[in-house]
Protein chains: 4
Amino acid sequence: MPKLGMGPVRRRQLIDATIISIHEYGLADTTVTRIAKKAGVSPGIVHHYFADKDELLFETMRDMLENLRREAVDRFKRAKTPNQRLFAIIDASFSRQQFSPEVVTAWLALYASSRNSPRLARILSLYHRRLCSNLVSALKQIDPDENHHFQAEAIAALIDGLYLRAALNPDLHDMDSPRQLATRFVSQMLEQKNG
Amino acid sequence: MPKLGMGPVRRRQLIDATIISIHEYGLADTTVTRIAKKAGVSPGIVHHYFADKDELLFETMRDMLENLRREAVDRFKRAKTPNQRLFAIIDASFSRQQFSPEVVTAWLALYASSRNSPRLARILSLYHRRLCSNLVSALKQIDPDENHHFQAEAIAALIDGLYLRAALNPDLHDMDSPRQLATRFVSQMLEQKNG
Amino acid sequence: MPKLGMGPVRRRQLIDATIISIHEYGLADTTVTRIAKKAGVSPGIVHHYFADKDELLFETMRDMLENLRREAVDRFKRAKTPNQRLFAIIDASFSRQQFSPEVVTAWLALYASSRNSPRLARILSLYHRRLCSNLVSALKQIDPDENHHFQAEAIAALIDGLYLRAALNPDLHDMDSPRQLATRFVSQMLEQKNG
Amino acid sequence: MPKLGMGPVRRRQLIDATIISIHEYGLADTTVTRIAKKAGVSPGIVHHYFADKDELLFETMRDMLENLRREAVDRFKRAKTPNQRLFAIIDASFSRQQFSPEVVTAWLALYASSRNSPRLARILSLYHRRLCSNLVSALKQIDPDENHHFQAEAIAALIDGLYLRAALNPDLHDMDSPRQLATRFVSQMLEQKNG
DNA sequence: AATGAATGAGCCTTCATTCAT
DNA sequence: TATGAATGAAGGCTCATTCAT
């Protein structure tokens, strides 16, 4: 008998399985069959919920971006001061979830893929513009006179760079060190003016 | 006697073709046949010069790291002042060659692959430690009192991050903007103390 | 639900196709594609039922040994006298099935391959020890005083030798002549004592 | 400068290397390159001395048959009595050279190949007819009244069978046991009449 | 909704053979 | 005579995708 409303459940399972597979085997060796097995379903069913493998990967990336956005929004809401709002955005990138080995690997893989997938490139680019614009907004409230665009770009680059560096240390299961570096860096940047 | 000394020539051709293929098709769709065709040779000959595809990819990555190192060393030798030595290292990463679309794509692929290849992870990690240690040396000569390790890590992360951001903008064939951002960032970092 | 229980059917088809291919093209030119085509399936499906080509070949060999064993057991059960039991074992090797050109070719290939495959060598050796021990048992019941081990070895060698000779005569589609020779040979061996 | 008269030397080296390769890697994995390497020459030169790989294999088999024939002739010449002449033929098959692991493996491989190579089948068949006719001649001198053809076929089959059985025991570097069995078997066969 | 059997294209790799030197 | 670079055709195997059930 057909199970109803399995759509969202299966999609969730498959996306999670995709991330884990990318981490475990690498994107190149992440096959539909492997994903299905990890999700506990048959290979055939994958194409019931995703048009093809590409779409599954794309939706996986979109899901990751959405998770990141949600974490930023959550922190943002709880922030009281302009300064806290700025660090809410930054801290989201260094959350426990975002820094889990699986997610780090998937981010890197999808970034790399984006160079040959206009679709991936588009949503990544969109996200980055939004990140920068959010950073600019926050910075503006802290100090209206600075060159916010420059600062925002620098902060965004720093975050991505720390991500990359963290990815190089497979043993680094800890996001504190990079976050502290980012925090300290941004603090200095802000103090500079006032110094 | 046969055609002698073709080894270095073919290896060069194949490595170059590999980088271009990665850029053009993506690492996942970079096949030995495509590489060979781009190098103007038959598919079979590839295994005459490289044990297998993995080795070709690995040597390609090693070659890229070596190129980067060479560019840094060249600039370093021509530097006169401590400040120039610091920027020699930074500028190397933003050279025309390093910032060509092909090389940027390949770098991203390299980073992503390293998560599933201990071999790649090792040489990348080695390179990064060397980069940081060079930055620390240069920073020490500029201002003996600073926390050089922190600064070096920040600079290294910023460089990588700008690379990533550049990779997201496929239209950005120009390395000036990221380099200027890096330069300005580092300048401010140095001035801060003296300010 | 999918087509279920195809496993045994396909495995049977593929093993049969393998034997025919070995006969038709030789082991060296027996490709997975040819086997598949002869079995009426696609090349890809072969690896659904056998881990790799080696396993298919191994299972083919095992199947042949099992067929031979079954024929011997069948004849053995129908035998009434000790003498009949002895000839039951011998006759099994000269059954219509065992002496078909395809099976003869495959046997030869199996023997030859065993020299470079410990796995094959093991099951062949096992089979031969069992054959000898069966021969010894039968011989013992006929004449308790003889040197049964010597006799058994001689009979076993003769059977194999006649197989080889038959293989050399591609025209020899008939197993009567070798069987008669074996029968006569063994009869004389038994009479010798009593004569 | 061209070396003259290298033909026979090279052909010898290559045939020897072929036999060793078949033993070491199996016929299926005996490549021209491997043979050449084992012979200490370049892969290309093989086709200077043999039209193609098939011919090299064919010549190898012919060489093995010739060696066997020579051993038989040598022993035959030294034989004094009819009985000795019969055992000269038999013993040749169990000489140290013929029973070396390499030669046993090569014999088996080439026997198996003969099923798909009319050329190989022809010279093998020819050799066997000659062997039988020689056995018949020898048997005739011992006892003019027997059924020589039957006896010759039985002896020939036994020899081949013992070869096969010996091939199954990779540890069996010793030809004594099979030869003794053959000797004893033939002796009994001859005594039977006189008993 | 779900299975897993089945397909067929394509990938990496090997190899007999040829050829320029 | 001899080399080893080079070719190109398969071969084994994998995999996204489809389909009967």
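Each chain gets a letter, A, B and so on, in the order its sequence line appears, and its residues count up from 1.
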Task: Atom pair OG1/CZ of B:Thr60 and B:Phe50 - distance to nearest 0.5 Å - done: 6.5 Å
Task: Nearest-0.5 Å distance that lies between atom CG in B:Leu65 and atom CG in B:Leu124 - done: 5.5 Å
TODO: For C:Gly44 and for D:Thr33, locate the closest nucleotide of DNA chain E by heavy-atom distance; then report the residue assigned to the nucleotide nearer the 5' terminus.
DONE: C:Gly44
Open item on the list: Nearest heavy atom decides the nucleotide; on that basis, is B:Thr30 or D:Asp29 closer to the 5' end of DNA chain E?
Closed with: B:Thr30
How long is the line joining [atom1] of [X] and [atom2] of [N], in whole Å?
X: D:Lys37; N: E:dC15; atom1: NZ; atom2: P; answer: 12 Å
X: B:Lys53; N: E:dC11; atom1: NZ; atom2: P; answer: 9 Å
X: A:Ile45; N: F:dA16; atom1: CD1; atom2: P; answer: 16 Å
X: D:Leu27; N: E:dC15; atom1: CG; atom2: C1'; answer: 14 Å
X: D:Tyr25; N: E:dT14; atom1: OH; atom2: C1'; answer: 15 Å
X: D:Phe58; N: E:dA16; atom1: CZ; atom2: P; answer: 19 Å
X: B:His47; N: F:dT7; atom1: NE2; atom2: P; answer: 14 Å
X: B:Ile35; N: F:dA6; atom1: CD1; atom2: P; answer: 17 Å

Looking only at side-chain N and O atoms, does [X] come under 4.0 Å of OP1 or OP2 in [N]?
X: C:His48; N: E:dA5; answer: yes
X: D:Tyr49; N: F:dT1; answer: no
X: C:Arg34; N: F:dG11; answer: no

- [ ] Would you mind pulling out the nucleotide paired to F:dA20, Watson-Crick or G-U wobble, both distances under 3.5 Å?
- [x] E:dT3
- [ ] Report the base-pairing partner of E:dG8 (Watson-Crick or G-U wobble, both distances below 3.5 angstrom), or none.
- [x] F:dC15
Open item on the list: Taking B:Glu24 first and then B:Arg34, would you say they form a salt bridge - that is, a charged N and a carboxylate O separated by under 4.0 Å?
Closed with: no
- [ ] State plainly whether the residues C:Arg70 and C:Glu66 are in salt-bridge range, i.e. N to O under 4.0 Å.
- [x] yes
Task: Nearest-nucleotide 5' precedence on DNA chain F, A:Thr31 against B:Pro43 - done: B:Pro43
TODO: Report yes or no: is the cationic atom of D:Arg119 (NZ for Lys, CZ for Arg) under 6.0 Å from the centre of the six-membered ring of D:Phe58, at an angle within 45° of the ring normal?
DONE: yes
Among [options], the one nearest [X] by side-chain distance:
X: A:Val32; options: F:dA16, E:dT13, F:dC13; result: F:dA16
X: C:Ser42; options: E:dT17, F:dC13, E:dA6; result: E:dA6
X: B:Arg10; options: F:dA6, E:dC12, F:dA2; result: F:dA6

Open item on the list: Mind checking if C:Val41 touches a base, just sugar-phosphate, or nothing, with heavy atoms under 4.0 Å?
Closed with: sugar-phosphate
